[in-house]
Every structure is written in structure tokens, then in C-alpha cells.
There are 2 protein chains.
Amino acid sequence: MGATKNEIFHDQINEEAAIFKALGHPARLAIVKTLLTYKTCVGNYLTNEIPLAQPTISQHLKVLKNVGIIQGTIEGKSVCYCLNHNLIERLRVFVGDMLLQYDLQQTKCDC
Amino acid sequence: MGATKNEIFHDQINEEAAIFKALGHPARLAIVKTLLTYKTCVGNYLTNEIPLAQPTISQHLKVLKNVGIIQGTIEGKSVCYCLNHNLIERLRVFVGDMLLQYDLQQTKCDC
DNA sequence: ATAACATATCGTAATATTGCAATATGACAA
DNA sequence: TTGTCATATTGCAATATTACGATATGTTAT
């Protein structure tokens with residue numbers, strides 16, 4: 001117990017849930033939104049902007065990187081982060097599919 | 001330490017992150033997808049369909065209800081669940097905004 | 001070489017989440 | 001009223017997450 005039972009779900013659902021989960025923390029969502037705002041990639045701007053300790057920010061960046069939402073390139077002594085195109089497009093597709101499915105059904109809920 | 005520091009973020013980011021977080025577990029995403037598929041509301045169908053114990057499913061339903069993604073109406077001895085229109089539309093808007101912002105920026109990332 | 005800077009990693013404490021058995025609740029049927 | 005069904009709640013153990021101080025790593029400037 002304690003750990004999520006990923007084995008019992010399809011890979012696709014596990015992956016989609018993992019993307020949502022990564023976005024499901026205010027600091028990480030703030031990082032993503034910052035990367036949406038400043039087209040040019042950000043480095044330690046985040047550490048100054050978000051009032052959390054540097055190791056904490058670094059950890060959140062790692063979570064986003066592991067899921068594939070962002071990528072970072074070393075640029076001198078700082079790291080240049082930006083959004084990962086493939087992941088954003090996956091998000092667009094599967095959230096789009098969910099919302100489309102919703103649109104096609106809603107005459108029915110009589111709760 | 002240990003708990004998320006919601007105080008340091010804007011309400012809007014906290015709320016959006018909370019929605020993502022609720023969707024960020026395969027069992028809960030499976031529940032939402034089931035509600036998308038079976039237009040008519042589901043009851044203990046979920047308990048039979050998802051191989052997790054009944055209290056576990058009940059707990060996940062509670063999480064989705066607390067965030068407002070689903071709503072349940074007592075219907076005899078079972079409960080009729082369905083998606084909450086307002087929440088789905090909020091999701092559509094803020095994810096749509098994020099993706100639009102992404103579309104408007106992407107000539108820039110040179111990582 | 002040394003200092004300064006940006007970032008990552010390690011170790012750890014506090015807290016949250018996940019999952020389930022046991023049990024409670026509430027509705028219907030006999 | 002008693003039993004059965006569907007769901008919720010409680011209590012608890014296992015595990016994961018969040019946050020940070022201390023420290024390591026790697027790069028540039030002096």
C-alpha cells in the first residue's frame with residue numbers, strides 16, 4: 001500500500017495521469033506559465049521569482065524534465081529551460097479529445 | 001516542510017494546479033474517462049470495472065468531488081455520478097489559454 | 001589558482017497520498 | 001424488522017512528496 005498501483009492501468013492512462021500530476025503543483029505550474037510568458041528560455045530567473053529555496057525549484061524542474069514537459073540546455077554557467085514541443089502537443093491532443101468527447105455527450109446527464 | 005506552500009502562489013494558480021492534481025492519478029483519470037464514455041451516469045460500475053477496493057474508489061471519487069470535477073446524486077441505493085459542467089469549461093478555458101499562448105510564442109525557443 | 005556564480009545532489013524532517021480491512025450508514029425488499 | 005445492496009467513513013500501514021540546509025559540481029572571471 002501507499003504507492004499507486006500503476007500495473008492495473010493502461011500505459012496511456014498512466015502517462016496522461018503523469019503529465020497531469022506534474023502540472024498539479026503550483027510551483028511547477030508557475031514554472032510552465034513562466035516559460036509560456038518569456039518566449040526566451042529562463043534560467044535562475046525562476047529561483048528569484050518563486051519564493052522557494054533553490055534546491056526546491058531545482059527539484060520541481062527535475063520533475064517537469066522527467067515527465068518531458070520541459071527541457072534544459074546548459075548555457076555557460078546557467079541552464080536554459082524551455083517547453084518540450086512534443087509533450088505540449090500530446091497534451092493538446094489528449095485534453096482536446098477529452099473535451100470533444102464531452103461536447104458530443106452532453107445532452108444526457110440528468111443528475 | 002512537507003506540505004505544499006500554497007500561500008505563496010496566486011489563487012488562480014492554486015486552483016488550476018488542484019484540478020491538474022486531481023486528474024493526476026490513473027484511477028481518477030479512468031473514472032473521468034468512464035464518465036466521458038457512458039453519457040448516462042455510473043454508479044458502482046466503477047467499483048466493478050477498476051480493480052481497486054471499494055473504499056479506495058470511494059476515496060478517489062471524493063477527491064474528484066472536492067475539486068468539483070464530478071458531482072453525485074443519490075439515486076435509490078446507488079449514487080449517480082456525472083461530470084460537472086462548470087469545471088469542465090474552466091479546464092477548457094485555462095488549458096486552451098495555455099496552448100494558445102504556446103502557439104503565439106513558438107518561433108523563439110533556441111535551446 | 002582562486003573567487004564567484006548557477007545549478008544539482010544528498011540527507012532528512014514534516015506532511016500527504018494511496019490502499020485496504022473493518023465497520024458504519026442509508027435505502028430498498030421480503 | 002431483518003437482510004441485502006451500494007456507498008461512505010474510520011483507522012492504519014506503506015510509500016511518496018515537499019521543502020530546505022549543507023554540500024558538490026561545473027563554468028566563467030580575475
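None of these values were measured; they are calculated from a predicted model.
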Between atom [atom1] in [X] and atom [atom2] in [N], what is the gap in whole Å?
| X | N | atom1 | atom2 | answer |
| --- | --- | --- | --- | --- |
| E75(B) | dC28(C) | CD | P | 11 Å |
| K21(A) | dT18(D) | NZ | P | 8 Å |
| L52(B) | dA21(C) | CG | C1' | 15 Å |
| N44(B) | dT4(D) | CG | P | 18 Å |
| L61(B) | dT7(D) | CG | P | 9 Å |
| I57(A) | dC5(C) | CD1 | C1' | 17 Å |
| L64(B) | dA8(D) | CG | P | 12 Å |
| Y81(B) | dT7(D) | OH | C1' | 7 Å |

Residue that, paired with Y81(B), satisfies side chain to side chain contact (heavy atoms under 4.5 Å, CB included) out of L64(B), T34(B), T73(B), I70(B):
I70(B)
Got a second to check how far Q105(A)'s CD is from L100(A)'s CG, nearest 0.5 Å?
11.0 Å
Can you identify which nucleotide, out of [options], has its nearest atom closest to the [X] side chain?
| X | options | answer |
| --- | --- | --- |
| K77(B) | dA8(D), dA6(C), dC5(D) | dC5(D) |
| T4(A) | dG19(C), dA8(D), dA6(C) | dG19(C) |
| P55(A) | dT18(D), dC20(C), dA22(D) | dA22(D) |

Pick the nucleotide of DNA chain C nearest each of A3(B) and Q59(B); which residue has the one closer to the 5' end?
A3(B)
Quick check: on DNA chain C, is the nucleotide nearest K62(A) upstream (toward 5') of the one nearest S78(A), or the reverse? Name the residue that is more 5'.
S78(A)
When only distance counts, do a donor and an acceptor, one from the side chain of Q54(B) and one from the base of dA8(D), lie under 3.5 Å apart?
yes
Kindly say if [X] contacts the phosphate of [N], meaning a side-chain N or O under 4.0 Å from OP1 or OP2.
| X | N | value |
| --- | --- | --- |
| T56(A) | dC20(D) | yes |
| H60(A) | dA19(D) | yes |
| K5(B) | dA16(C) | no |

For I74(A) and A53(A), find the nucleotide of DNA chain D closest to each by heavy atoms; which residue's nucleotide sits nearer the 5' end?
A53(A)
With nearest nucleotides of DNA chain D determined for H25(A) and G76(A) from heavy-atom distances, which residue corresponds to the more 5′ nucleotide?
H25(A)
Side chain to side chain, V32(B) and M98(A), heavy atoms closer than 4.5 Å
yes
For Q12(B) and E16(B), which I'm curious about, is there any donor-acceptor pair between the side chains at under 3.5 Å?
yes
Do the side chain of R28(B) and the main chain of L23(B) share a donor and acceptor less than 3.5 angstrom apart?
no
